[in-house]
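Lettering follows sequence order; numbering is per chain, from 1.
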2 protein chains.
Amino acid sequence: MAITLYSLCGANEARPFSPHCWKVVMALRHKGLDFEERPLAFTAIPSVENGFSKTVPILRDGVHLVADSFDIATYLDEAYPDHPTLLGGEAGRALTRFVESFSQAVIHPAVTRIAICDIHDMLAPIDQAYFRQSRRERLGREIEEVAAGRDAEIAAFPAKLLALRHMLGHQPFIGGERPLFADYIVFGALQWLRISTGSVHLPADDKVSVWFERLLDLYEGHARKVA
Amino acid sequence: MAITLYSLCGANEARPFSPHCWKVVMALRHKGLDFEERPLAFTAIPSVENGFSKTVPILRDGVHLVADSFDIATYLDEAYPDHPTLLGGEAGRALTRFVESFSQAVIHPAVTRIAICDIHDMLAPIDQAYFRQSRRERLGREIEEVAAGRDAEIAAFPAKLLALRHMLGHQPFIGGERPLFADYIVFGALQWLRISTGSVHLPADDKVSVWFERLLDLYEGHARKVA
């Protein structure tokens, strides 16, 4: 296979959990491209591709090496223009940045506060030490302090998805009648939450839950198989 | 002039304030189309175009009559495909719905709670009576009760724009290097707040303020002239 996706896992390689890597998994399936996924522990990332990137996803496609999920989506649309579009052209690409910003600025901090200890518990000991220190530096607190607000964060979580819920009254996907990369962006955040905590913490009849289940069903239930 | 835009005003015709009508004003300027704006009081809307729509904007373009700002943007892209695009094609149109949902579900309720009494005060007496009753039916409370949370709502307002602020770290407009209808959607909400209360209630150095000022400058400062 020509394409390799380096993604992120904990002690169990069969449970890759990174939101950014899930965006790319779904993007590659959307494009209909064969690929091999190689999940890495946090501390193993610098050892692949001569330390090309400190973070995953990293995509190797023949001679091409690309990091960052948005850059990878852009690369895939440019390299495979005859396969289904991910970004929907220049205007679509810009508008997708807004969806990414919504996910990163509104959803990711909430998932972090809900799932931080669950994520820690998925890791092997050496990666737990790395995770604890890097999150202390990034968040200015111990992970247990961050997790202290978990119940309140879960209670506040559905309201953060108001814009998506409202939009789902108009159309089944952010991409319209079919999913686009923008769908996979928000999907990645909820898949990260689902895999690390076992739930997306939304009522089953919430329009967002119904949309998320539709995405879990795509591509022979690829994303549903990891739990 | 072939195009007429029916918009919304209070007692002073020179101060049209509806967010949805401002989206269309900016869209028509973006398309480079000449038009005549006819601001109407709330209670005058049923008297134009044989009661075609209960709400404005209403666009009359020759034999074509279109209501709803999003439908008008769609119409303009279809009717004037050689003029600059507003929605960016099929994918862009779907993604723009997400921006619209963000604006309607997150920004509009906040602006309503901040500006409801200011809007009332802009209206002629007959429209004040209509406004008071229609808002009582829609919100289940008197407008003064809604406005009781005004200061708290102003304090909470900057956080509601987090996704847009984050995106502006990547690009100058939601449309990328140039504005698209998605920009005018959020602009309309802030212009509604600016005209009715005299301020957008954001620090001047907030990236969102800087973006808003860029939009006020467009088209010979068209939107800045109304205050």
Side-chain angles (χ1 to χ4, degrees), chain A residues 30 68-71 73-74 77 84-110 156 158-187 189 207-208 211, chain B residues 30 68-71 73-74 77 84-110 156 158-187 189 207-208 211:
Chain A
H30 179 101
D68 181 84
S69 59
F70 204 94
D71 288 348
T74 302
D77 267 0
T85 184
L86 285 163
L87 296 164
E90 189 186 339
R93 184 176 190 273
L95 289 157
T96 301
R97 272 287 188 205
F98 181 79
V99 178
E100 182 190 58
S101 289
F102 163 74
S103 189
Q104 305 266 119
V106 179
I107 309 304
H108 278 227
K160 304 210 164 156
L161 293 155
L162 194 54
L164 178 56
R165 191 174 300 116
H166 187 280
M167 186 218 71
L168 290 166
H170 283 289
Q171 55 197 33
F173 296 103
I174 307 177
E177 293 302 314
R178 282 169 297 279
L180 287 175
F181 190 62
D183 289 273
Y184 307 142
I185 288 172
V186 184
F187 172 81
K207 283 195 178 81
V208 176
W211 163 85
Chain B
H30 179 101
D68 180 86
S69 60
F70 204 93
D71 288 348
T74 302
D77 268 0
T85 184
L86 285 163
L87 295 164
E90 187 187 340
R93 183 176 189 274
L95 289 157
T96 301
R97 273 286 188 205
F98 181 79
V99 178
E100 183 190 57
S101 289
F102 163 74
S103 189
Q104 305 265 120
V106 179
I107 308 305
H108 278 226
K160 304 209 165 159
L161 293 156
L162 196 53
L164 178 58
R165 192 173 299 116
H166 187 280
M167 187 219 71
L168 290 167
H170 283 290
Q171 57 198 31
F173 295 103
I174 307 177
E177 292 303 313
R178 282 169 297 277
L180 288 175
F181 190 61
D183 289 273
Y184 307 142
I185 287 172
V186 185
F187 172 81
K207 282 196 179 83
V208 175
W211 163 86

Counting heavy-atom pairs under 4.5 angstrom with chain A, the leader among Gly175(B), Gly92(B), Gly176(B), Ala163(B) is Ala163(B)
Could you tell me which portion of Leu164(B) (side chain, backbone, both or neither) has an atom closer than 4.5 angstrom to a non-hydrogen atom of chain A? both
Using non-hydrogen atoms only, which part of Leu180(B) is less than 4.5 Å away from chain A: side chain, backbone, both, or neither? side chain
Any idea how Tyr184(A) and Phe181(A) line up, ring-wise: parallel (<30°), tilted (30 to 60°), or perpendicular (>60°)? perpendicular
Using side chain to side chain contact (heavy atoms under 4.5 Å, CB included), reason through Phe102(B) and Ile185(B) one step at a time and then give a plain yes or no. CA-CA 10 Å; Phe102(B) 163 74; Ile185(B) 287 172; over 6 Å; no
Picking from Leu162(B), Leu168(B), Leu87(B), which has the most non-hydrogen pairs under 4.5 angstrom with chain A? Leu162(B)
For chain B, find which of Arg97(A), Glu100(A), Gln104(A), Arg165(A) contributes the most heavy-atom pairs closer than 4.5 angstrom. Arg97(A)
Could you tell me the separation between the CD1 atom of Ile107(B) and the OG atom of Ser101(B), rounded to the nearest 0.5 Å? 12.0 Å
Could you walk me through whether Trp211(B) and Asp183(B) satisfy the side chain to side chain contact (heavy atoms under 4.5 Å, CB included) test, starting with their C-alpha distance in whole Å, then the side-chain angles of each, then the deciding distance to 0.1 Å, before giving a yes or no? CA-CA 9 Å; Trp211(B) 163 86; Asp183(B) 289 273; 2.9 Å; yes
Heavy-atom contact with chain A under 4.5 Å, split by part of Arg178(B): side chain
Who among Ala182(A), Ala159(A), Ala105(A) has the most heavy-atom pairs with chain B under 4.5 Å? Ala105(A)
Whether Arg93(B) and Glu90(B) form a salt bridge (side-chain N of Lys/Arg under 4.0 Å from carboxylate O of Asp/Glu) is what I want to check. no
Which atoms of Glu177(B) approach chain A - backbone, side chain, both or neither, heavy atom under 4.5 Å: neither
Using modelled atom types and a 3.5 Å cut-off, is there a donor and acceptor pairing between side-chain atoms of Gln171(B) and backbone atoms of Ala94(A)? yes
